[in-house]
Enquirer: 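Quick one: the structure is below, questions incoming.
We name chains A, B, ... by the order of the sequence lines, and we start the count at 1 in each one. Side chains included, hydrogens not; waters and symmetry mates left out as well; all remaining heavy atoms used.
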Amino acid sequence: MASVLSRPNDQSFRRPGGSASRYSRPLSLALIAPLLLLLSIGFLYPIGLLIKLSLFTPELDLSSYRKIIEQPIYLSVMARTFKIALFVTIASFLLGYPVALAMASLKRRLAAAAAAAVFIALWSPVLVRSYAWIVLLQRNGVANNAMTELGMVEAPLKLIYNEGAVIVAMTHVLLPFMILPIFAALRSIPQEYVCAARTLGAGASTAFLRVTLPLSLPGVFAGCVMCFILALGFYITPALVGGPGTLIVATLIGQQATVLLDWPFAAALSTTLLIATLTMVLVFRQAFSISKGFASVD
Amino acid sequence: MLIETRSHRLASPLAGSCATIWHRPWAATVAVLLQGAVLALILFYLVLPTLVILPISLGTANHIEFPPRQLTLHWYREYLSDPDWMAATWFSLKIALATSLAATVIGTLAAIALTRGDLPGKQALQALSLGPMVVPHVVFGVALYLIFAPLELTGNFVGFLLAHTVLAVPYVLITVTAALQRFDFTLELAALSCGASRTRSFLLIVLPNISPSVAVAAVFAFLSSFDEATVAFFISDTGGKTISRKMFEDIDFNLTPVIAAVSTLLAGVSLLLMAAIRATTRQH
Amino acid sequence: MIGETLTLQSLSKRFGRTVAVEDVSFNIAPGEFVSVLGPSGSGKTTLLTMIAGFEAPSSGQISIGGRDVTAAAPNRRNIGMVFQKYALFPHMTVHQNVAFPLRMRRFDRPAIKDRVRRILDLVQLVGFDDRYPNQLSGGQQQRVAVARALVCEPPVLLMDEPLGALDKNLREAMQLEIKRIQSKLGATVVYVTHDQDEAMTLSDRVAVMSGGTLVQLGSPVEIYHRPQSPFVAQFVGKMNFVDGECQRDEAGTCHIRISDSITVAASSPSSDGADRLQQGQRVKLAVRPESLSFAQPDSATAIPGHIDAEIFVGAFRLYLVRLATIGQPIVQIQLPASTSVGPFRRGESVGLHAAKEDFHVFAAPEA
Ligand SMILES: Nc1ncnc2c1ncn2[C@@H]1O[C@H](COP(=O)(O)OP(=O)(O)OP(=O)(O)O)[C@@H](O)[C@H]1O
Ligand SMILES: [Mg+2]
């Protein structure tokens with residue numbers, strides 16, 4: 001490394017217009033080469049192969065894609081995927097906004113409590129949290145036990161392996177990705193704005209609706225985009241908490257690949273999901289610059 | 001008249017520094033209580049899953065029992081004495097450490113090139129390097145299985161290292177890039193004008209100043225591998241599986257409180273590492 | 001004496017389509033202190049970064065002590081540099097910061113210790129060895145930066161607005177300090193500033209830059225009293241400008257007519273261009289406020305005008321006078337506070353007078 005770093009460097013001074021504040025082209029290429037190698041072998045190649053498999057068997061063959069469009073069951077899986085992603089996004093917004101407000105609050109104890117809760121949720125492994133939801137929601141789980149003991153219900157309810165359970169658990173997993181961008185947006189609003197609105201005669205709720213909320217919208221936008229995209233491709237939680245009736249694209253891919261071993265079909269589904277995700281990312285890439293640094297889970 | 005104009009400053013939990021001024025005391029109280037209750041419920045929802053596993057892991061019953069009637073460390077002992085769990089744990093640890101090392105080195109070098117280097121198509125390179133964060137993990141897992149299976153790389157250390165390094169590199173890139181952007185590069189020019197070579201000014205001036213962030217990046221990379229479950233689900237096999245894959249299987253087939261014990265340990269490791277990072281970065 | 005000659009030969013630097021520095025040449029003698037003075041964006045920093053080797057020139061040559069260093073890496077040039085914001089290494093103590101250049105040049109331990117002690121003594125920072133930069137005041141940090149730049153006794157020392165971040169009093173104290181250290185060590189110094197007083201106080205010669213070009217290089221006295229262009233005239237010190245036109249008499253001497261009835265004889269040395277002026281050519285007549293004085297309004301050599309304002313500025317009095325000449329410009333007259341003229345009423349008629357050699361004549365730019 002020492003020789004790589006020092007040798008090409010002198011060239012940047014010899015070249016007219018070269019500059020010491022930038023590393024020379026050969027050195028920069030040498031520095032980024034390991035990453036490019038890694039991503040070519042470990043990322044682009046497998047994904048490329050997957051896309052190829054969905055299209056060629058070995059001749060061009062679109063039957064897998066046709067299957068997705070023509071069989072109502074798969075169309076309904078697609079629809080459910082979007083529906084669940086949408087519900088999770090809405091639920092995350094409704095639950096996340098108050099938490100973000102509390103985190104941005106100037107009352108230190110309140111802000112600290114909210115931040116601690118978000119911290120615990122964010123950094124508990126997804127698998128652990130999904131497991132915890134099983135423990136909470138299953139037939140003889142914590143929730144049912146508590147309710148029967150309190151006499152709220154006669155017999156244990158079926159709380160798990162349905163869409164509701166998937167939405168509750170996924171919302172929990174994705175909530176921090178909603179809260180953090182909103183919090184970042186809220187924190188950047190100068191307090192004087194709110195005070196100014198109040199002194200101009202706005203009530204607390206008017207000040208909130210006219211000042212705080214509009215100014216935090218970039219954060220809300222970023223959080224929603226983030227949640228929706230992550231929810232679309234989510235695997236672990238729906239696989240554990242969901243049941244046969246809650247198949248979404250990700251779990252369908254898993255099922256096709258590991259149980260039914262229909263690889264071309266799994267590949268076609270994967271490609272579809274990939275394209276949907278990438279399209280969203282491209283369309284909403286603005287949102288990612290705002291929420292830079294909060295990465296994906298799952 | 002008097003009562004009407006008397007205002008009450010009550011601490012609404014969601015109000016900013018401009019204390020909310022209510023003209024009707026009872027309305028204020030109700031609103032504050034309501035807001036507080038809603039917020040408390042949401043925060044409870046956030047922490048509940050993490051907090052519920054600890055008591056369950058300490059229960060005596062064979063099934064899930066809450067709250068536990070007696071406390072025992074039985075399930076932790078069970079975990080420690082089970083060769084399958086132990087094998088999975090070591091496998092995961094080995095992978096996570098190697099991933100952390102590989103991703104930190106590769107990611108840091110790339111971050112330097114991307115922030116300070118002279119590269120063609122920088123924007124495209126940046127987008128590509130964040131790609132693994134955007135692609136759904138299930139897609140990536142299936143794709144990897146596709147190339148690993150014929151090469152017998154499933155359940156293999158090298159296969160996992162490759163997969164997890166790809167997934168961890170974006171975290172390192174983001175963290176180290178942020179540090180490099182904060183770093184005042186005139187310090188590097190100063191070092192050069194003091195007679196230091198490019199290498200020495202990097203090692204003696206740049207590196208010490210970004211090393212806290214590099215360390216944080218290494219922890220991120222470690223955790224992203226150690227806690228990774230989706231890709232591990234696809235590229236594990238009976239010969240080699242990570243702790244998350246083993247958990248995933250057991251959740252599906254024999255849901256014993258051992259899983260609660262393992263979960264508690266996993267969450268404990270993550271939370272402690274992250275808390276340590278926060279505590280140290282706060283100081284600077 | 002450690003200083004060496006620094007020679008720049010038609011140095012240019014372009015960033016894409018911006019020309020930051022254009023065709024700058026000069027020669028600095030060993031131990032000479034040269035300030036580079038110019039408005040913001042005139043290319044001062046760019047010039048310095050090229051000498052330091054941080055940016056390669058687009059064309060031209062740089063040599064130090066006769067050695068061509070145009071293509072040398074910054075670390076091979078043996079140049080000391082003080083940055084505007086000091087650029088002290090935050091993770092090193094004062095001692096480690098100052099010792100850094102010595103370590104890079106592989107001095108042995110006792111030598112490092114000895115040299116660091118001597119230089120810290122020189123900048124009066126003995127006892128601060130173990131402090132970190134963030135534990136020092138601005139002035140102390142600045143002195144550490146100077147010490148670090150000087151500890152290797154570099155033949156050439158570059159400073160880019162090193163006092164820019166200090167308040168006025170500290171700034172003035174540090175100016176004297178820098179001058180003292182420099183004359184003690186004898187280094188050749190290029191000192192960038194946009195503060196003309198600072199440039200005047202410190203320098204043997206001042207280089208005035210504008211729009212990337214070197215417009216005048218000369219001693220402070222030359223720059224002040226013999227500006228070669230209206231730009232230098234108005235950039236350094238205060239200057240009044242009056243429009244006029246050249247009129248030659250039978251002997252061919254150029255007089256400047258500034259209104260139908262007023263003609264001024266100008267023989268300022270900086271107006272040697274006056275010989276080349278043609279009959280009837282439009283010119284700018286320049287005169288410094290302190291060169292003007294009041295005369296009888298009706299005297300033959302006086303320029304008539306009316307008092308517009310009178311301002312007391314402590315050490316001197318400032319009068320604003322509207323001239324009865326082309327365009328009715330307002331000129332400033334600066335007199336010592338002790339002078340007993342006036343008080344004037346607003347609008348009162350006065351006459352202005354200046355010695356022949358205090359008028360500067362510049363050809364007016366083509367309209
Ligand atoms: N790296 C660069 N890329 C493009 N243009 C540049 C660069 N550095 C300087 N310039 C341009 O070159 C010109 C001269 O800049 P320079 O920094 O040398 O001015 P300066 O005299 O030091 O000004 P100041 O007094 O504000 O420091 C400016 O127009 C500036 O915009
Ligand atoms: Mg500058």
Enquirer: Which atoms of B:Leu189 come close to chain A, meaning under 4.5 Å heavy atom to heavy atom: side chain ones, backbone ones, both, or neither?
Expert: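 Side chain only.
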
Enquirer: Go through B:Leu125, B:Ile56, B:Val135 and name the one with the most non-hydrogen pairs under 4.5 angstrom from chain A.
Expert: B:Val135

Enquirer: For B:Leu167, which atoms come within 4.5 Å of any heavy atom of chain A: side chain, backbone, both, or neither?
Expert: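 No part of it gets close to chain A.
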
Enquirer: Is any side-chain heavy atom of B:Leu271 closer than 4.5 Å to a side-chain heavy atom of A:Phe119?
Expert: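 A side-chain contact under 4.5 Å exists here.
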
Enquirer: Counting distance only, does the side-chain N/O of A:Arg25 pair as donor-acceptor with the main-chain N or O of B:Asp118 below 3.5 Å?
Expert: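 Here the side-chain-to-backbone pair exists.
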
Enquirer: Less than 4.5 Å to any heavy atom of chain A: does that hold for the side chain of B:Pro170, its backbone, both, or neither?
Expert: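 Contact with chain A: none, neither part.
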
Enquirer: Quick one: closest heavy-atom pair of B:Lys122 and A:Arg22, and the distance?
Expert: NZ-NH1, 3.7 Å

Enquirer: Taking every heavy-atom pair that is under 4.5 Å apart, which of B:Val262, B:Leu51, B:Ile251 has the most such pairs with chain A?
Expert: B:Ile251

Enquirer: Would you give the length of the straight line joining atom CG of B:Leu266 to atom CZ of A:Arg129, rounded to the nearest 0.5 angstrom?
Expert: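 The distance works out to 13.0 Å.
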
Enquirer: Taking B:Phe220, B:Phe248, B:Phe185 one by one, which has the highest count of heavy-atom pairs under 4.5 Å against chain A?
Expert: B:Phe248

Enquirer: Given a strict heavy-atom distance threshold of 4.5 Å, which part of A:Ala257 is in contact with chain B: side chain, backbone, both, or neither?
Expert: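 For A:Ala257, side-chain heavy atoms alone lie under 4.5 Å from chain B.
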
Enquirer: Give the member of A:Leu36, A:Ile253, A:Val135, A:Thr212 that has the highest number of heavy-atom pairs under 4.5 Å with chain B.
Expert: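 The answer is A:Val135.
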
Enquirer: Do B:Val142 and A:Trp263 come close enough that some side-chain heavy atom pair is under 4.5 Å?
Expert: yes

Enquirer: If you round to the nearest 0.5 Å, how far is CD1 of A:Ile236 from CZ of B:Phe233?
Expert: 7.5 Å

Enquirer: Heavy atoms only: give me the nearest B:Gly131-A:Phe43 pair and the separation to one decimal.
Expert: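 Distance-wise, the nearest heavy atoms are C-CZ, 3.6 Å.
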
Enquirer: Extract all donor-acceptor atom pairs below 3.5 Å that involve side chains of residues 42-49 of chain B and protein atoms in other chains or at least two apart in sequence.
Expert:
unit_1  : atom_1 : unit_2   : atom_2 : d
B:Tyr45 : OH     : A:Val168 : O      : 2.6
B:Tyr45 : OH     : A:His172 : N      : 3.0

Enquirer: Among A:Ala146, A:Ala207, A:Ala117, which residue forms the greatest number of heavy-atom pairs with chain B at distances under 4.5 Å?
Expert: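 Of the candidates given, the most pairs with chain B belong to A:Ala117.
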
Enquirer: Contact part of B:Leu144 toward chain A, heavy-atom cut-off under 4.5 Å: side chain, backbone, both or neither?
Expert: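 Contact with chain A is through both the backbone and side chain of B:Leu144.
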
Enquirer: With a 4.5 angstrom heavy-atom cut-off, could you sort out which part of B:Thr175 is near chain A: side chain, backbone, both or neither?
Expert: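 Contact with chain A is absent: no heavy atom of B:Thr175 under 4.5 Å.
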
Enquirer: Determine the minimum heavy-atom distance between B:Thr50 and A:Ser124, stating which atoms define it.
Expert: OG1-OG, 2.9 Å

Enquirer: Check whether A:Leu136 gets within reach of chain B through its side chain, its backbone, both or neither, counting any heavy atom under 4.5 Å.
Expert: side chain

Enquirer: Write down the atom of B:Leu39, the atom of A:Pro98, and the distance for their closest heavy-atom approach.
Expert: CD1-O, 3.8 Å

Enquirer: So which residue, A:Ile134, A:Leu95, A:Leu53, ends up with the most heavy-atom pairs under 4.5 Å with chain B?
Expert: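 Max contact count across the listed options: A:Leu95.
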
Enquirer: What residue in A:Trp133, A:Phe208, A:Tyr45 has the most heavy-atom pairs under 4.5 Å with chain B?
Expert: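 Answer, by heavy-atom pair count under 4.5 Å with chain B: A:Trp133.
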
Enquirer: For a 4.5 angstrom cut-off between non-hydrogen side-chain atoms, does B:Leu128 reach A:Leu44?
Expert: yes

Enquirer: B:Leu130 versus chain A, heavy atoms under 4.5 Å apart: side chain, backbone, both or neither?
Expert: neither

Enquirer: Checking heavy atoms, do the side chain of B:Phe226, its backbone, both or neither come under 4.5 Å from chain A?
Expert: neither

Enquirer: Name the orientation class of the two ring planes belonging to A:Tyr235 and B:Phe234 (parallel below 30°, tilted from 30 to 60°, perpendicular beyond 60°).
Expert: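 Ring orientation of A:Tyr235 relative to B:Phe234: tilted.
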
Enquirer: Against chain A, work out which of B:Ala103, B:Ala267, B:Pro120 has the most heavy-atom pairs shorter than 4.5 Å and name it.
Expert: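 Ranked by heavy-atom pairs under 4.5 Å with chain A, first place is B:Pro120.
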
Enquirer: How close do B:Pro132 and A:Leu39 get, counting heavy atoms only, and between which atoms?
Expert: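 Where B:Pro132 meets A:Leu39 most closely, the heavy atoms are CG-CD2, 3.9 Å.
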
Enquirer: List the atom of B:Ala113, the atom of A:Ser28, and the distance in Å for their closest heavy-atom pair.
Expert: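 What the structure gives for the nearest pair is CB-O, 3.5 Å.
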
Enquirer: For a side-chain contact (heavy atoms from CB on, under 4.5 Å) with A:Pro46, tell me which candidate from B:Leu146, B:Ile147, B:Val166 qualifies.
Expert: B:Ile147

Enquirer: Taking every heavy-atom pair that is under 4.5 Å apart, which of A:Asn145, A:Leu273, A:Ile51 has the most such pairs with chain B?
Expert: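 With the most close heavy-atom pairs to chain B, the winner is A:Leu273.
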
Enquirer: Are side-chain heavy atoms of B:Val269 and A:Pro125 found at a separation under 4.5 Å?
Expert: no

Enquirer: Under 4.5 Å between any side-chain heavy atoms of A:Ile32 and B:Leu114, yes or no?
Expert: yes

Enquirer: Answer whether the closest heavy-atom distance between the side chains of A:Val249 and B:Val138 falls below 4.5 Å.
Expert: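 The answer is no, as the side chains (C-beta and beyond) never meet within the 4.5 Å cut-off.
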
Enquirer: Against chain A, label B:Ala178 side chain, backbone, both or neither, depending on which of its atoms sit under 4.5 Å from a heavy atom there.
Expert: neither

Enquirer: Check whether any side-chain heavy atom of B:Val134 lies under 4.5 Å from a side-chain heavy atom of A:Thr277, and answer yes or no.
Expert: yes

Enquirer: I need the residue from A:Leu50, A:Leu274, A:Ile41 with the largest number of non-hydrogen atom pairs under 4.5 Å to chain B.
Expert: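 Looking at each option in turn, the highest pair count goes to A:Leu50.
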
Enquirer: Under 4.5 Å heavy-atom distance to chain A, tell me which part of B:Ile53 shows up: side chain, backbone, both or neither.
Expert: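 Answer is side chain: those atoms of B:Ile53 sit under 4.5 Å from chain A.
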
Enquirer: Measure the CG-CH2 distance between B:Leu273 and A:Trp123 for me, rounded to the nearest 0.5 Å.
Expert: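 The CG atom of B:Leu273 sits 10.0 Å away from the CH2 atom of A:Trp123.
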
Enquirer: Using heavy-atom distances under 4.5 Å, tell me whether B:Ala102 contacts chain A through its side chain, its backbone, both, or neither.
Expert: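 Neither part.
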
Enquirer: Going from CG on A:Leu31 to CZ on B:Arg116, what distance comes out if it is rounded to the nearest 0.5 angstrom?
Expert: 11.0 Å

